[in-house]
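Have a look at the structure below, then the notes.
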Number of protein chains: 2
Amino acid sequence: MSTRQTGPGTTAQHALEGLRRAIIAGELRPGQRVRQEEIADNFGVSVAPVREALRVLEQEGQVEYRPRRGYFITELWASDLAEIYALRQVLEERAARKALPTLDDDAVERIAAAARDCAEAAERGDVAAELAANRRFHFGMLESPDQVHTMRLIRLLWDSTESYRALYYNSPEERTRTVHSHEAILEAVRRRDADTLVAELDAHRSRALDVLTRVLDGDAE
Amino acid sequence: MSTRQTGPGTTAQHALEGLRRAIIAGELRPGQRVRQEEIADNFGVSVAPVREALRVLEQEGQVEYRPRRGYFITELWASDLAEIYALRQVLEERAARKALPTLDDDAVERIAAAARDCAEAAERGDVAAELAANRRFHFGMLESPDQVHTMRLIRLLWDSTESYRALYYNSPEERTRTVHSHEAILEAVRRRDADTLVAELDAHRSRALDVLTRVLDGDAE
DNA sequence: CTCTTTTAGATTTTCGAAAATCTAAGCTAT
DNA sequence: ATAGCTTAGATTTTCGAAAATCTAAAAGAG
């Protein structure tokens with residue numbers, strides 16, 4: 001599908017990015033089997049780098065591996081989502097309180113820019129771009145140099161629900177609600193008001209969990 | 001080194017186990033480069049499964065990867081250890097409080113057995129066995145079926161400091177201290193006394209962090 | 001003498017094919 | 001019919017070697 005050429009980055013990294021895209025785009029759906037040779041052919045590479053990329057996704061919880069049987073896109077239940085979001089609440093509160101005082105004007109501006117990108121992408125209906133901008137928005141206010149391990153865990157939690165988040169982003173009603181929520185969060189960041197920030201983040205997350213859970217239950221076979 | 005044969009489990013899994021052992025045993029030390037072909041030759045396999053195993057360790061934070069440059073055993077600083085242990089405190093308290101009421105007599109007996117194994121291994125000076133038993137001890141009281149994602153994160157945090165924990169376990173003074181600490185923890189589990197349990201776990205962890213930090217600072221170049 | 005360029009050796013990375021294993025359909029015996 | 005066995009095709013897994021890249025020492029220019 002993509003033009004094969006030795007650029008910066010290894011073939012395995014390209015395969016990883018491609019797999020992520022396919023998962024977000026819904027080309028690879030939860031529960032589905034991942035045929036290695038098919039993936040390799042699509043990218044015009046051999047199976048070795050594809051397998052390495054799958055190992056990474058396995059560790060992130062995005063695919064499940066059964067030896068000699070293959071890789072499958074992870075299927076999450078409502079209970080999994082609840083647990084993951086509860087963990088995010090704990091870890092993100094810690095990260096936000098720690099990072100908030102260290103944010104300079106430049107950092108705040110980057111967060112604001114991400115919020116704008118997110119709203120624009122939502123307007124265009126570009127789910128992939130919206131997901132990327134949304135991540136920049138949230139991580140922009142959590143990241144701090146002395147919290148690398150905390151961020152590693154938070155990133156893991158985000159990754160493991162990425163395929164489901166794409167569902168959430170397709171509802172037009174939620175789209176405008178998200179924009180408003182982001183504005184409230186950004187305002188709290190600007191004021192360096194940690195308690196309000198945490199409260200707004202909690203509300204934002206709860207809402208997402210609610211919608212996701214409903215989508216999931218309606219989807220159950 | 002090991003006899004090569006197609007048993008249960010894939011070659012990549014064997015390579016992963018072997019790498020873990022080598023890291024715990026100190027054959028691969030923090031900062032050191034990991035030469036893929038050398039590892040492959042030692043296990044009598046080709047590089048492909050070794051690379052897959054390294055990808056797993058990379059995601060666990062045990063090795064660092066620089067494209068086209070190779071894999072290196074992760075080096076941690078005192079600040080990393082402090083952050084990781086702080087995260088463990090938060091996550092393990094949650095897990096312990098949730099799991100404690102669900103432990104049946106059978107589970108408690110397994111935990112007690114792990115404590116005995118741990119003490120015996122310490123007596124013999126078998127660090128690898130002590131590490132394994134210690135893990136069974138701690139995870140035995142945290143594991144519960146509705147906390148799989150929490151456990152995934154906790155396991156990750158444990159993995160990323162495994163190579164340093166081996167250092168801690170070599171001090172004979174700490175060995176007896178650990179045994180006593182385990183007894184206090186086990187007693188709290190038996191009484192289903194959550195507050196005491198959490199307090200004892202915190203103390204246990206603090207002590208480990210203290211010793212590790214001292215070892216690390218003394219070791220600094 | 002210092003800095004850049006060249007080059008040889010070491011190492012990683014990827015490939016294409018062979019080997020091992022699994023899946024499921026067809027067959028046989030009860 | 002049903003349960004167990006057999007076999008063909010599909011898929012994963014591993015290998016050995018070729019290709020690409022990096023490292024560091026040697027050579028050459030200023």
Side-chain angles (χ1 to χ4, degrees), chain A residues 1-20 22-23 27-60 62-75, chain B residues 1-20 22-23 27-60 62-75:
Chain A
M1 207 76 205
S2 66
T3 19
R4 174 80 173 60
Q5 61 178 3
T6 47
T10 65
T11 304
Q13 285 173 327
H14 287 131
L16 180 56
E17 285 166 29
L19 281 168
R20 283 196 206 283
I23 290 172
E27 295 164 30
L28 294 171
R29 291 192 213 165
Q32 189 179 331
R33 176 187 204 146
V34 181
R35 291 221 311 286
Q36 303 175 4
E37 204 159 1
E38 180 180 316
I39 303 291
D41 288 346
N42 281 353
F43 293 132
V45 302
S46 70
V47 296
V50 171
R51 285 176 61 84
E52 288 190 29
L54 285 169
R55 275 281 203 255
V56 173
L57 291 175
E58 183 205 358
Q59 247 51 32
E60 290 176 355
Q62 300 216 68
V63 304
E64 276 164 20
Y65 172 61
R66 284 189 281 166
R68 316 224 103 108
R69 211 149 284 184
Y71 291 88
F72 300 80
I73 306 294
T74 300
E75 231 173 337
Chain B
M1 208 78 205
S2 66
T3 17
R4 174 80 173 59
Q5 61 177 5
T6 47
T10 64
T11 306
Q13 286 173 328
H14 286 130
L16 181 57
E17 284 165 29
L19 281 168
R20 284 196 207 282
I23 290 172
E27 293 164 30
L28 294 172
R29 292 193 212 163
Q32 189 179 330
R33 177 186 204 145
V34 181
R35 289 219 313 286
Q36 304 175 3
E37 204 160 1
E38 181 180 315
I39 303 292
D41 288 345
N42 280 353
F43 293 133
V45 303
S46 71
V47 296
V50 171
R51 285 176 61 84
E52 287 190 31
L54 285 168
R55 280 276 197 229
V56 172
L57 292 175
E58 184 205 358
Q59 246 52 33
E60 289 176 356
Q62 300 216 69
V63 303
E64 276 164 19
Y65 172 60
R66 285 189 281 165
R68 316 224 100 109
R69 211 150 284 182
Y71 291 87
F72 300 81
I73 306 294
T74 300
E75 233 172 335

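Just so we're on the same page: letters track the sequence lines, and every chain starts at 1.
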Should [X] be listed as having a side-chain N or O under 4.0 Å from OP1 or OP2 of [N]?
X	N	answer
B:T11	D:dT14	yes
A:R68	C:dA20	no
A:R51	D:dT13	yes
B:R35	C:dT11	yes
A:Q36	D:dT11	no
B:Y71	C:dT13	no
A:R33	D:dT11	no

Integer-rounded Å distance: [N] [atom2] and [X] [atom1]:
X	N	atom1	atom2	value
A:R66	D:dT11	CZ	P	15 Å
B:F72	D:dC22	CZ	P	13 Å
B:F43	D:dT14	CZ	P	14 Å
A:L54	D:dT11	CG	P	15 Å
B:E58	C:dT13	CD	P	10 Å
B:E38	C:dA10	CD	C1'	13 Å
A:I39	D:dT13	CD1	C1'	17 Å
B:R69	D:dA20	CZ	P	19 Å

**Message:** Counting neighbours of CD on A:Q32 that are heavy atoms of other residues, nucleotides or ligands and sit closer than 6.0 Å, is the number greater than 12?
**Reply:**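 Yes, enclosed.
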
**Request:** Using a cut-off of 6.0 Å, state whether more than 12 heavy atoms not belonging to A:E37 lie near its atom CD.
**Result:** no

**Prompt:** For A:F72, which residues count as a ring-ring contact (aromatic ring centres under 6.0 Å, His included) partner, sequence neighbours excluded?
**Reply:**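 If we apply the ring-ring contact (aromatic ring centres under 6.0 Å, His included) test to A:F72, skipping adjacent residues, there are no hits.
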
**Prompt:** How far does CG of A:L19 sit from CD of A:Q62, to the nearest 0.5 angstrom?
**Reply:** 9.5 Å

**Prompt:** Taking atom OG1 of A:T74 and atom CD of A:E58, what is their separation to the nearest 0.5 Å?
**Reply:** 9.0 Å

**Prompt:** How do A:P67 and A:V47 order along DNA chain C: which one's closest nucleotide is nearer the 5' end?
**Reply:**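 Result of the comparison: A:V47.
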
**Request:** Find which nucleotide of DNA chain C each of A:A48 and B:E37 is nearest to by heavy atoms, and output the residue with the more 5' nucleotide.
**Result:**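 So the residue in question is B:E37.
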
**Message:** What contact category does A:V50 fall into here, base, sugar-phosphate, or nothing, at under 4.0 angstrom with non-hydrogen atoms?
**Reply:**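 No contact.
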
**Request:** Tell me which of A:V34 and B:P49 sits closer to the 5' end of DNA chain D, going by the nucleotide each one is nearest to.
**Result:** A:V34

